[in-house]
A.B. asks: 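Sharing a structure below in structure tokens format, with a few things to ask.
Sequence lines set the chain letters: A, B, ... in the order given, protein chains first and strands last, and positions in each chain run from 1.
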There are 2 protein chains.
Amino acid sequence: MTSTRRRGQALEAAILDAGWNQLIKGGYTSFTFEAIAERAETGKSVIYRRWPDKEKLLLAVIKRQGFGAPSDIPDMGSLREDLLALLRTANQRSERAAILLSTILSAYFSGEISLTPERLRTALLGDQSRALTEILRHAVDRGELPTGDIPPRIVRLPTDLLRQEIIMNLNRVPDETIVDIVDTIFLPLVTDTRLQSTDREETQLNLSGSFHSRTASKE
Amino acid sequence: MTSTRRRGQALEAAILDAGWNQLIKGGYTSFTFEAIAERAETGKSVIYRRWPDKEKLLLAVIKRQGFGAPSDIPDMGSLREDLLALLRTANQRSERAAILLSTILSAYFSGEISLTPERLRTALLGDQSRALTEILRHAVDRGELPTGDIPPRIVRLPTDLLRQEIIMNLNRVPDETIVDIVDTIFLPLVTDTRLQSTDREETQLNLSGSFHSRTASKE
DNA sequence: CCAATAAGGTACGTATACGTCTCTAATATT
DNA sequence: AATATTAGAGACGTATACGTACCTTATTGG
């Protein structure tokens with residue numbers, strides 16, 4: 001008849017996509033086996049056969065969206081253009097970030113899922129810090145920036161600020177915001193003449209990806 | 001007997017506090033009439049008598065926490081100390097901010113509640129921007145900063161960054177982070193000699209609180 | 001002191017989701 | 001062609017929450 005039954009990989013993909021679309025449409029509250037099964041046009045049992053509980057399913061759905069995927073590093077010829085390109089790409093993907101944040105926060109606070117702030121950060125931040133590091137290294141190679149240490153907090157400043165804006169907007173931000181972040185904040189900071197002229201030793205660009213450790217207390 | 005029945009104001013306050021504690025304990029998922037009634041040691045009907053549905057109750061609970069309360073502006077004698085004091089106070093209150101964000105995001109995405117990103121921003125940001133403006137004005141008065149425009153994005157940079165850190169930590173941040181934000185990012189930016197020496201007109205400090213307008217598209 | 005009011009329980013019907021199970025029919029495999 | 005899988009659909013019992021209704025009892029105000 002009309003029906004062509006999916007199996008294996010194809011079916012699995014359809015379910016995970018349905019799960020993601022469910023998050024988009026109704027957030028974590030609507031992330032139920034029933035709703036996902038209906039959206040994927042299959043039965044609950046088909047899902048349960050693969051992922052025994054909600055946490056496993058959620059992690060699979062998130063994983064499939066490929067947040068760990070390293071965004072390709074732009075190389076436009078200038079630091080400013082590289083920065084704008086990177087932030088614009090991230091901005092394009094912002095809906096996913098907003099959904100993901102909401103989902104993880106809901107799951108975290110509802111206690112249904114064992115999810116640490118560590119994993120939240122990893123999921124949301126990915127390795128954008130690495131991309132920034134690369135871009136800055138290119139700028140040093142071009143001679144736009146002097147060789148020397150750049151504090152980690154400055155390195156991740158552009159993505160931190162963009163993420164902040166996206167969360168507050170619950171959506172993409174206007175392009176002017178991106179330009180503003182780059183021109184008003186980041187470039188003046190990183191090209192600060194005082195930083196360049198200080199009596200630093202001539203070290204290699206040292207951009208350790210070390211993040212801040214988090215406070216233990218939760219009270 | 002042992003039982004002293006609460007009435008009127010006292011009862012109302014107890015219910016709203018129970019609601020807030022419920023958000024702290026289990027997030028928006030656990031924000032149910034039943035759970036709140038039990039926590040407040042009263043009956044569901046008592047709550048329903050006052051707030052006919054969940055949205056009304058939630059708004060009352062949030063309102064009672066007084067997020068709009070203007071934090072008093074520190075005046076410690078130097079720009080740096082003022083900034084640190086302001087951020088430390090905000091950091092102390094971070095648990096409330098994290099809970100509030102999670103709640104609003106959950107409610108927003110679950111569609112149960114009519115809540116715009118505008119209101120999210122208002123609820124979370126309050127008028128911290130005003131406090132920053134005051135602090136900078138004091139610094140100008142002291143002669144620490146030159147008279148002149150400071151771009152709005154720079155003005156709210158400290159609070160934006162702190163908020164970002166709090167959200168990513170889902171908790172308070174270590175004090176070093178606050179010091180880092182002030183010393184590595186904000187002070188270098190705001191005391192940038194190039195900004196001071198440029199051919200700006202001698203204008204009054206103009207810190208319009210104008211926020212970015214948000215993108216309309218939601219697709 | 002007595003009547004009006006409202007608190008504190010609880011029971012109800014409805015709805016939704018969990019997780020398990022069973023059944024059938026479509027697809028693979030041999 | 002016969003057999004083994006497994007998708008798709010749904011029924012189940014349990015649990016939880018909504019929102020309403022009812023009843024008893026403490027408190028208050030006249």
A.B. asks: Do Ser30(B) and Gln22(B) meet the criterion of a side-chain donor-acceptor pair at a distance under 3.5 Å?
C.D. replies: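 The answer is yes; a qualifying pair exists.
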A.B. asks: Does a nitrogen or oxygen in the side chain of Arg6(B) sit under 4.0 Å from OP1 or OP2 of dT28(D)?
C.D. replies: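 For Arg6(B), the contact criterion (side-chain N or O under 4.0 Å from OP1 or OP2 of dT28(D)) is not met.
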A.B. asks: Expressed in angstrom and rounded to an integer, what is the separation of Phe33(A) atom CZ from dG10(D) atom C1'?
C.D. replies: 17 Å
A.B. asks: In whole angstrom, give the distance that lies between atom CH2 of Trp51(B) and atom P of dC18(D).
C.D. replies: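 Distance, rounded to whole Å: 15 Å.
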A.B. asks: By nearest heavy atom, map Phe31(A) and Ser45(A) onto DNA chain C; which one lands nearer the 5' end?
C.D. replies: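 The residue whose closest nucleotide sits nearer the 5' end is Phe31(A).
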A.B. asks: For a quick test of reading the model: is some side-chain N or O of Thr42(B) closer than 4.0 Å to OP1 or OP2 of dA7(C)?
C.D. replies: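 No, Thr42(B) has no side-chain N/O under 4.0 Å of OP1/OP2 on dA7(C).
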A.B. asks: In whole angstrom, what separates Gln9(A)'s CD from dA28(C)'s P?
C.D. replies: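 After rounding, the gap between these two atoms is 14 Å.
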A.B. asks: Rounding to an integer number of Å, can you tell me how far Gln22(A) CD sits from dT16(C) P?
C.D. replies: 14 Å
A.B. asks: Nearest to the Leu11(B) side chain among dG19(D), dG8(D), dG8(C), which nucleotide is it?
C.D. replies: dG8(C)
A.B. asks: Let me confirm one number: the CZ-CD distance from Arg153(A) to Glu176(B), rounded to the nearest 0.5 Å.
C.D. replies: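 Reported value, rounded in 0.5 Å steps: 10.5 Å.
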A.B. asks: Find the distance Leu57(A):CG to dC18(C):C1' and express it as a whole number of Å.
C.D. replies: 13 Å
A.B. asks: Go through the N and O atoms of the side chain of Arg7(B) and the base of dT28(D), and report whether any donor-acceptor pair is under 3.5 Å.
C.D. replies: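 No, no donor-acceptor pair under 3.5 Å.
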A.B. asks: Test Asp17(A) against Arg39(A) for salt bridge (Lys or Arg N to Asp or Glu O under 4.0 Å), laying out the working first.
C.D. replies: CA-CA 9 Å; Asp17(A) 284 344; Arg39(A) 183 175 290 270; over 6 Å; no
A.B. asks: Separation of Glu34(B) atom CD from dA11(C) atom P, in whole Å?
C.D. replies: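 The distance from CD of Glu34(B) to P of dA11(C) comes to 13 Å, rounded to the nearest Å.
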A.B. asks: Want to settle it: does Asp53(B) or Gly43(A) sit nearer the 5' end of DNA chain D, counting the closest nucleotide to each?
C.D. replies: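 Result of the comparison: Gly43(A).
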A.B. asks: Rounding to a whole Å, what distance do you find between Glu38(B):CD and dC18(D):C1'?
C.D. replies: 16 Å
A.B. asks: Can you give me the closest heavy-atom contact between Asp82(A) and Met76(A), atom names plus distance?
C.D. replies: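 Distance-wise, the nearest heavy atoms are OD1-N, 2.5 Å.
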A.B. asks: dC18(D), OP1 or OP2 - any side-chain N/O from Lys54(B) closer than 4.0 Å?
C.D. replies: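 True: Lys54(B) side-chain N/O within range (under 4.0 Å) of dC18(D) OP1/OP2.
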A.B. asks: Evaluate the criterion salt bridge (Lys or Arg N to Asp or Glu O under 4.0 Å) for residue pair Lys25(B) and Glu38(B); output intermediate values, then yes/no.
C.D. replies: CA-CA 14 Å; Lys25(B) 191 208 155 211; Glu38(B) 190 180 5; over 6 Å; no
A.B. asks: Using a cut-off of 4.0 Å on non-hydrogen atoms, how would the nucleic acid contact of Arg49(A) be classed: base, sugar-phosphate, or nothing?
C.D. replies: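 Base, at least one base heavy atom under 4.0 Å.
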A.B. asks: Does dT24(D) have OP1 or OP2 under 4.0 Å away from a side-chain N or O of Arg5(B)?
C.D. replies: no
A.B. asks: Report yes or no: is there a donor-acceptor pair, N or O only, under 3.5 Å between the side chain of Lys44(A) and the base of dG19(C)?
C.D. replies: yes
A.B. asks: Specify the separation, in whole Å, of atom OH of Tyr48(A) and atom C1' of dC12(D).
C.D. replies: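 Tyr48(A) atom OH is separated from dC12(D) atom C1' by 13 Å.
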